[in-house]
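When a ligand or atom number is given, it counts from 1 through the structure's own listing order. Computation of the quantities below employed the complete heavy-atom set of this structure, encompassing side-chain atoms and omitting hydrogens, waters and symmetry-equivalent molecules.
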Amino acid sequence: MRIVVALGGNALGNTPEEQKQLVKQTVKPLADLIASGHEVIITHGNGPQVGMIFSAFQTASKTDSHLPEMPFPECGAMSQGYIGYHLQNALRTELLNRNMKPDVASIVTQVEVAVEDPAFQNPTKPIGAFYSEKEAQTLSKTQNYVMKEDAGRGYRRVVPSPKPQAIIEIEGIKMLVASGYTVITVGGGGIPVVQKDNELYGVPAVIDKDHASSLLATLIEADRLIILTSVPYVALKYGTKDQVNLTHLSTKDAKNFLQEGHFQSGSMKPKIEAALAFVDHSPNRKAIIASLQEAKDAIEEKTGTLIYYKE
Ligand code: ADP
Ligand code: MG
């Protein structure tokens with residue numbers, strides 16, 4: 001099967017050194033899938049990383065006037081670069097250790113968004129560090145940041161999260177996949193760009209990696225979209241004493257649960273929407289939301305939440 005695997009924040013950790021160590025574990029389930037004969041295309045988030053790069057340049061430029069502030073799209077490109085580097089480096093080693101072909105490449109990927117996307121009026125995507133309520137209030141006053149609470153884990157800055165419309169480098173991705181490469185692409189959801197004549201302009205926003213992964217999976221005609229994250233199942237009444245984990249979720253039920261507000265925006269909601277967009281109207285396609293460590297069992301439908309088409 002052709003499988004798009006979307007890696008969440010827990011696959012990468014919080015610092016470059018932590019990430020370098022952590023990806024050695026992350027690539028094992030990916031190598032398992034490749035060893036089972038699947039074509040694997042890897043995508044990943046970049047929330048903490050892009051926030052860290054942005055804050056670093058911001059802080060540095062305050063104390064040294066020779067250092068520029070780094071525009072947000074450039075921060076995204078940087079994060080794709082070093083995350084891709086770590087992943088392709090670690091996966092290559094893992095494949096070589098198993099006497100397999102070590103062909104892995106990451107692509108700096110631009111993803112087109114629409115200027116008129118309503119998301120630009122309503123920022124939702126958490127990026128960067130977690131703050132206390134008090135720190136959050138200070139930051140929104142002094143920096144004009146929009147701060148929101150993120151799934152009971154603290155406050156984070158949020159930026160607009162427009163929907164991906166097109167993947168600029170899609171033909172190159174298809175060619176690499178067709179020639180047997182494991183491709184790492186649309187990192188952090190891709191660098192958001194708007195098109196004007198022959199030019200693409202980066203915009204300060206973060207495309208949700210789940211939506212970008214869904215678009216990618218559709219465009220390359222994948223059989224499965226597997227979203228690996230920090231929870232083993234999608235749940236109803238998540239985080240309450242009445243929590244119910246779901247092993248199977250039809251597109252019909254998913255739409256109803258979405259409306260009932262079971263899935264938090266910025267975390268589980270985009271995953272469900274991504275799964276729906278990929279699976280809808282196609283009985284052969286399935287999406288799976290599962291924990292990172294259980295990727296192989298999840299693709300064999302032994303664990304995780306399986307999302308399947310039902311009218
Ligand atoms: P990732 O980096 O993998 O995209 P996110 O933090 O964006 O991770 O999304 C995963 C988180 O979604 C979980 O850690 C959990 O706290 C949260 N979450 C919100 N609603 C639900 C739900 N209904 N079921 C399961 N997890 C949920
Ligand atoms: Mg997320």
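Judged by the shortest distance from any of its heavy atoms, R153 lies inside the 4.0 Å radius around the atoms of ligand 1. A heavy-atom separation below 4.0 Å is not found between G45 and ligand 1. Proximity of K237 to ligand 1 is not established, as no heavy-atom distance is less than 4.0 Å.
Between E199 and K196 there is no salt bridge, since no side-chain N of the basic residue sits under 4.0 Å from a carboxylate O of the acidic one. Salt bridge present: R98 and D32 bring a charged side-chain N and a carboxylate O closer than 4.0 Å. The residues K286 and E301 are annotated as salt-bridged, a charged nitrogen and a carboxylate oxygen being separated by less than 4.0 angstrom.
Nearest protein heavy-atom neighbour of atom 20 (N) of ligand 1: M268 CB, 3.4 Å. Protein heavy atom at the shortest distance from atom 16 (O) of ligand 1 is Y238 OH, 2.9 Å. Ranking the protein heavy atoms by distance from atom 11 (C) of ligand 1 puts S267 CB, 3.9 Å first. Shortest contact from atom 1 (P) of ligand 1 to any protein heavy atom: K271 NZ, 3.4 Å.
Annotation for A212 and G189: closest pair CB-O, 3.3 Å, computed over non-hydrogen atoms. Listed here is the closest heavy atom pair of D210 and A274: O-CB, 3.1 Å.
Residue contacts with ligand 1: T229 is placed with a nitrogen or oxygen under 3.5 Å of a nitrogen or oxygen of the ligand (distance criterion only). Residue contacts with ligand 1: A235 is placed with a nitrogen or oxygen under 3.5 Å of a nitrogen or oxygen of the ligand (distance criterion only). When only interatomic distances are considered, the shortest N/O to N/O separation between F263 and ligand 1 does not fall below 3.5 Å.
Taking a cut-off of under 4.0 Å to the non-hydrogen atoms of Y233, the atoms of ligand 1 that pass are 25 (C). Short contacts between ligand 1 and H262, defined as distances under 4.0 Å to a heavy atom of the residue, involve ligand atoms 23 (N). Close contacts between ligand 1 and G9 involve ligand atoms 1 (P), 2 (O), 3 (O) [criterion: under 4.0 Å to a heavy atom]. Near S230, meaning under 4.0 Å from one of its heavy atoms, ligand 1 places the atoms 13 (C), 14 (O).
Taking the ring axis of F130 as reference, the NZ or CZ atom of R156 stays within 45° of it and closer than 6.0 Å to the ring centre.
Put simply, F278 and I170 are part of the same group of oily side chains (I, L, V, M, F, W, Y) that touch within less than 4.5 Å, one to the next.
H86 pairs with exactly one of K20, Q19, K24 by the side chain to side chain donor-acceptor pair (under 3.5 Å) rule, that one being Q19.
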Q | Evaluation steps, side chain to side chain contact (heavy atoms under 4.5 Å, CB included), between N284 and D223 | A | CA-CA 7 Å; N284 297 327; D223 304 289; over 6 Å; no

